[in-house]
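Right, one structure below, let's go through it.
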Number of protein chains: 2
Amino acid sequence: MTEPSAGSRAQQRRRTEERILAAARQMFAELGYERTTIRAVAKKAGVDAGLVMHYFGSKNELFSRAAELPVEELANGSPDEVAEALLTSLAKRLDGEPAASLAVLRSMLTNAEAAERYRAAGGPQLDRIAAGIPAADADLRAGLLGAIVHGVIIERYLLRLGGLADASPERIVELLRPCFRALAAAEPADPD
Amino acid sequence: MTEPSAGSRAQQRRRTEERILAAARQMFAELGYERTTIRAVAKKAGVDAGLVMHYFGSKNELFSRAAELPVEELANGSPDEVAEALLTSLAKRLDGEPAASLAVLRSMLTNAEAAERYRAAGGPQLDRIAAGIPAADADLRAGLLGAIVHGVIIERYLLRLGGLADASPERIVELLRPCFRALAAAEPADPD
DNA sequence: GTCTATAACCCGATAGAC
DNA sequence: GTCTATCGGGTTATAGAC
């Protein structure tokens with residue numbers, strides 16, 4: 001076997017593929033779908049634009065692969081547990097590099113297919129959240145919870161507006177906790 | 001004076017300009033900045049693409065004029081009044097056609113100038129909200145309030161996800177009221 | 001004032017040399 | 001596997017005819 005120096009050919013391919021995907025994720029997150037060009041992604045990854053096409057076939061396919069989100073496991077239980085699970089999930093997305101998350105969020109708003117993919121992935125997740133809320137309008141409450149999460153992320157990373165941009169995830173979560181509990185639980189006691 | 005049939009020339013011009021702006025607003029709201037083309041706006045307004053350029057000079061200038069937002073008057077007073085003012089403002093933006101509002105929101109995420117304009121307009125407004133909140137972290141609380149408003153609008157109109165898309169503004173406001181009060185007021189009473 | 005024609009430049013995708 | 005050349009299409013913006 002004429003084993004080459006650095007891994008098999010398949011390994012080599014996977015590595016450059018991963019480099020291209022990383023570059024694409026970053027650019028989709030920063031510029032959105034329309035303004036990211038295959039040429040620019042290729043240059044950033046240090047390869048030729050034709051190679052990107054060779055690997056992924058089309059810009060849309062490249063986006064699909066770059067925007068694949070690890071399915072978030074969301075424990076469902078009591079209303080308070082639902083609220084807490086959402087809060088920790090938010091906290092996790094609030095520090096570190098949310099490149100993949102931002103790529104979807106930003107592109108979703110300009111690319112129809114991205115929006116559709118997100119709806120398909122986010123819908124069932126909202127349903128799972130709604131299942132843990134003991135109220136007639138559980139779906140609306142779940143929708144509001146999701147909206148708040150998105151609003152916070154967008155305001156912090158995309159708009160960089162107000163005190164949200166540099167606040168610590170812990171303080172954000174702390175301030176949001178009463179909100180989430182109020183939305184996840186039915187009204188605690190309404191004596192009339 | 002050889003007065004023509006329908007208004008002066010200046011009036012005629014203003015009317016077609018307004019027609020172009022209405023078409024532009026709608027398309028910017030639906031497609032975002034990048035995907036709306038001057039050609040399409042012109043066709044929608046029933047004029048020639050060259051005429052749009054003649055009137056507005058550039059696509060960016062057309063967007064600036066189309067995305068001019070009426071400055072929202074926001075009464076500030078006690079924390080509860082701040083929360084209530086925000087809620088009624090949200091309710092107003094939640095029914096009817098929020099074309100201008102959506103044009104900015106959607107384009108903001110891909111167009112640098114739109115983002116800058118929004119930051120310039122939204123920053124002071126957040127400051128005014130923060131001024132009515134008696135807490136050390138008033139700016140963060142104001143930022144969160146703004147984030148929730150944006151999240152709800154985005155989720156309802158742009159993503160059309162979950163039960164938020166077809167819920168009545170009144171129910172949304174009702175569910176959000178405890179959230180807003182909790183964020184606008186310092187903790188009411190914490191007996192420990 | 002309105003529209004046609006076109007310049008100058010980008011893009012995604014394809015075909016084919018090496 | 002990698003890259004060059006190019007096709008066919010789109011865009012903004014300009015120049016000029018009517």
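This structure is a prediction, so every number in the text was calculated from the model and none was measured. Basis for what follows: all heavy atoms, side chains included, without hydrogens, waters or symmetry-related copies. Proteins come first, then strands; the chains are lettered A, B, ... in the order of their sequence lines, and each starts at number 1.
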Smallest separation among heavy atoms of A/Leu164 and B/Gly143, with atom names: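 Smallest interatomic distance, heavy atoms only, reads CD1-O, 3.5 Å.
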
Under 4.0 angstrom, heavy atoms only, what part of the nucleic acid is A/Thr36 near: base, sugar-phosphate, or nothing? sugar-phosphate

Please classify the nucleic acid contact of A/Tyr55 as base, sugar-phosphate, or nothing, using heavy-atom distances under 4.0 Å.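 Counting heavy atoms under 4.0 Å across all strands, the contact made by A/Tyr55 is with sugar-phosphate only.
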
Partner residues of [X] under the salt bridge (Lys or Arg N to Asp or Glu O under 4.0 Å) criterion, sequence neighbours left out:
| X | result |
| --- | --- |
| A/Lys44 | none |
| B/Arg119 | B/Glu116 |
| A/Arg160 | none |

Whole angstrom value for the distance that separates [atom2] of [N] from [atom1] of [X]:
| X | N | atom1 | atom2 | result |
| --- | --- | --- | --- | --- |
| A/Glu34 | D/dG9 | CD | P | 20 Å |
| B/Phe56 | D/dT14 | CZ | P | 16 Å |
| B/Asn111 | D/dT11 | CG | P | 17 Å |
| B/Arg35 | D/dG10 | CZ | C1' | 13 Å |
| B/Leu62 | D/dT11 | CG | P | 15 Å |
| A/Lys43 | C/dC10 | NZ | C1' | 14 Å |
| B/Leu51 | D/dT14 | CG | C1' | 15 Å |

Kindly write out the residues that satisfy ring-ring contact (aromatic ring centres under 6.0 Å, His included) with B/Tyr118, not counting sequence neighbours, or none if the list is empty.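 In terms of ring-ring contact (aromatic ring centres under 6.0 Å, His included), with neighbours along the sequence ignored, B/Tyr118 is linked to B/His150.
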
Set of ring-ring contact (aromatic ring centres under 6.0 Å, His included) partners for B/Phe28, sequence neighbours left out: B/Tyr33, B/Phe63

Are the side chain of A/Lys43 and the backbone N or O of A/Asp48 linked by a donor-acceptor pair below 3.5 Å? no

Pair listing, salt bridge (Lys or Arg N to Asp or Glu O under 4.0 Å) test, anchored in residues 19-31 of chain A, at least two apart: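 Sorted result for residues 19-31 of chain A: A/Glu18-A/Arg25.
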
For residues 61-70 of chain B, the salt bridge (Lys or Arg N to Asp or Glu O under 4.0 Å) pairs (sequence neighbours left out) are B/Glu17-B/Arg65

Pairwise 5' ranking along DNA chain C for B/Asp48 and B/Arg13, keeping only the more 5' one: B/Arg13

Expected output is a numbered-order residue list: members of residues 24-31 of chain A with a heavy atom under 4.0 Å from any atom of DNA chain D. What is it? none

Between the protein and nucleotides 13-18 of chain C, list the N/O to N/O atom pairs that are separated by less than 3.5 angstrom.
residue, atom, partner, partner atom, Å
C/dA13, OP2, A/Lys59, N, 2.9

